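Right, one structure below, let's go through it.
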Amino acid sequence: MKMDVLVVGAGFSGSVVAERLARRGLEVLLIDKRPHIGGNAYDTPDRYGVLMHPYGPHIFHTNAPRVAEYLSQFTDWRPYEHHVLAKVGEQFVPIPINIDTVNRVYDLKLTEETIQAFYDRVRQPRAQIRTSEDVVINAVGQDLYEKFFRGYTRKQWGLDPSELSASVAARIPTRTNHDDRYFTDTFQKMPLHGYTKMFGRMLDHRRIHVEVGVDFFAIQQKVRASHIVFTGPLDAYFGYCYGKLPYRSIRFEHEHLANTLRYQPVGTVNFPNDYDFTRITEFKHLTGQQHTGTSIVREYPQSEGDPYYPIPRPENELLLKKYQALAAKESKVTFVGRLGQYRYYNMDQCVGAALKTAEEIANAMVPQAALKATVKPAVSATQQARAGS
Ligand code: FAD
Ligand code: UDP
């Protein structure tokens with residue numbers, strides 16, 4: 001097969017790069033060692049017919065119009081705003097912490113006028129915000145930190161919040177209103193027919209050849225491509241020569257409940273303090289599917305297993321820098337994605353990074369004449385997609 005670019009990994013990062021490069025006229029071989037496309041965002045009906053996410057719940061949200069517009073070429077959407085409750089004591093209260101959370105935990109009647117004074121009373125200002133502990137203690141003080149964050153974080157990461165970079169806990173805001181949505185992004189929608197169908201449309205192009213169940217390291221010596229885009233783990237590419245970049249993994253325990261329309265009132269319930277799992281997600285909330293039964297997943301974090309979460313902390317950044325220096329010397333290989341860049345990216349950030357990467361590669365590889373022929377400024381991206389090339 002004639003191939004210009006080999007893309008390793010058919011998740012968001014690899015699939016977006018493959019699609020963009022094919023549209024720019026390059027022949028792409030996309031491989032994944034797993035038996036399916038979609039990476040960790042892969043979804044599939046379970047044996048009871050409930051659409052579920054084998055690698056954990058994936059909720060799409062973004063503030064980037066470019067990302068939403070790009071993906072909208074390949075899917076229709078279903079509006080969905082995610083809600084999460086946390087079990088604290090015997091109560092189930094909204095997380096991120098908002099006015100109602102505080103009122104219910106402490107039996108108060110605070111309002112939008114008085115909540116900030118409450119936070120000001122309990123918070124312990126920290127001169128420097130370096131760790132995830134700093135973020136939370138600085139915002140809401142010791143008690144809310146212990147009730148909502150310390151236990152969850154220790155379970156999720158196997159580390160105390162004081163050992164994790166601030167960016168981890170900073171994903172969860174503290175609210176001074178009643179907003180009980182988990183995300184406040186401008187675009188919050190789920191692919192109407194699921195992620196896998198969306199990936200299928202993205203990769204349905206005559207210049208993209210997809211092979212699943214193929215490990216890059218098994219074929220590396222035979223590869224004859226002008227360029228490689230690698231979205232697997234960065235350290236694996238270099239044979240772990242400086243040691244392993246630490247990842248957190250998860251064991252997913254899936255369960256189907258027959259003749260149960262609803263298992264829980266919201267998409268996800270977090271368990272910061274009790275149980276070995278961190279959260280339970282019920283997929284029908286996310287997908288809107290009608291079914292006489294329901295399927296849920298419990299997440300048990302663990303150190304061994306598939307690499308799911310890069311662990312943001314200073315010593316890992318130092319190791320990452322050493323691998324980045326090696327990566328910079330590989331002129332014919334580009335590393336992108338959550339694993340390829342060792343970044344705690346959400347799906348939309350992967351798409352953003354992949355769009356940028358693909359543009360750089362295409363600009364370098366596609367001859368100017370071909371470029372002129374393929375870029376038609378008067379035609380929108382959507383029209384181009386419909387036209388098929
Ligand atoms: P991946 O999806 O990991 O894809 C990389 C692919 O490379 C994999 O399919 C892998 O099999 C393949 N690969 C690796 N090595 C090789 C090799 N040697 N040869 C061939 N193939 C190889 N983001 C959100 O925006 N919202 C959410 O709600 C959300 N929930 C999440 C929940 C969980 C439990 C997890 C783990 C992540 C969640 N994410 C969420 C993050 C999201 O999964 C990632 O941002 C995104 O899927 C990463 O895409 P990627 O293509 O970079 O990596
Ligand atoms: N977190 C927490 N308690 C919660 C929710 C989140 O302590 O109830 C912390 C925890 O460290 C978690 C991080 O905030 O890993 C980010 O949460 P998010 O829900 O964004 O994690 P993800 O969906 O990526 O697993």
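Please read all numbers here as calculations on a predicted model, not as lab measurements. Both counts, for ligands and for their atoms, begin at 1 and track the order of listing.
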*Please write down residue, atom name and distance for the protein heavy atom closest to atom 37 (C) of ligand 1.*
R338 NH2, 3.5 Å
*Quick one: closest heavy-atom pair of H178 and N98, and the distance?*
O-ND2, 3.4 Å
*Might you check, step by step, whether the distance between atom 53 (O) of ligand 1 and some protein heavy atom is under 4.0 Å?*
no
*Where is the nearest protein heavy atom to atom 45 (O) of ligand 1: which residue, which atom, and how far?*
Y345 O, 2.8 Å
*Which bit of V214 is near ligand 1, meaning a heavy atom under 4.0 Å away: side chain, backbone, both or neither?*
backbone
*Nearest protein heavy-atom contact for atom 27 (C) of ligand 1: which residue, which atom, what distance?*
I59 N, 3.4 Å
*When you look for protein heavy atoms under 4.0 Å from ligand 2, which residues do they belong to?*
I95, F148, F149, Y152, T153, Q156, W157, V168, R171, I172, Y182, N270, R279, Y309, Y344
*Among all protein heavy atoms, pick out the one at the shortest distance from atom 6 (C) of ligand 1; state its residue, atom name and that distance to 0.1 Å.*
D32 OD2, 3.5 Å
_Over 12 non-hydrogen atoms of neighbours within 6.0 angstrom of NZ in K197_ = no
*Which one holds for Y55 and ligand 1: side chain close, backbone close, both close, or neither close, with close meaning a heavy atom under 4.0 Å?*
backbone
*So which protein heavy atom does atom 40 (C) of ligand 1 come closest to, and at what separation?*
H58 CD2, 3.7 Å
_To the nearest 0.5 Å, what is the distance between OG1 on T114 and CG on D120?_
11.5 Å
*asked:* Is the distance from the ring center of Y247 to that of Y308 below 6.0 Å?
replied: no
*Considering heavy atoms of the protein only, find what lies nearest to atom 32 (C) of ligand 1 and give residue, atom and distance to 0.1 Å.*
P57 O, 3.5 Å
*Specify the protein heavy atom at minimum distance from atom 7 (O) of ligand 1: its residue, its atom name, and the distance to 0.1 Å.*
G9 CA, 3.2 Å
*asked:* If you apply the rule salt bridge (charged side-chain N to carboxylate O under 4.0 Å, His left out), what do you find for R24 with D4, and how did you get there?
replied: CA-CA 12 Å; R24 291 283 293 268; D4 298 312; over 6 Å; no
*Do T268 and H82 have side-chain N/O donor and acceptor atoms under 3.5 Å apart?*
yes
*Look at atom 46 (C) of ligand 1 and say which protein heavy atom is nearest, naming residue and atom and giving the distance to 0.1 Å.*
C350 SG, 3.9 Å
*How does N40 reach ligand 1, by side chain, by backbone, by both or by neither, if only non-hydrogen atoms under 4.0 Å count?*
both
_Q302 (side chain) donor-acceptor with E304 (main chain) under 3.5 angstrom_ = yes
_ligand 1 versus S13: contacting region, heavy-atom distance under 4.0 Å_ = both
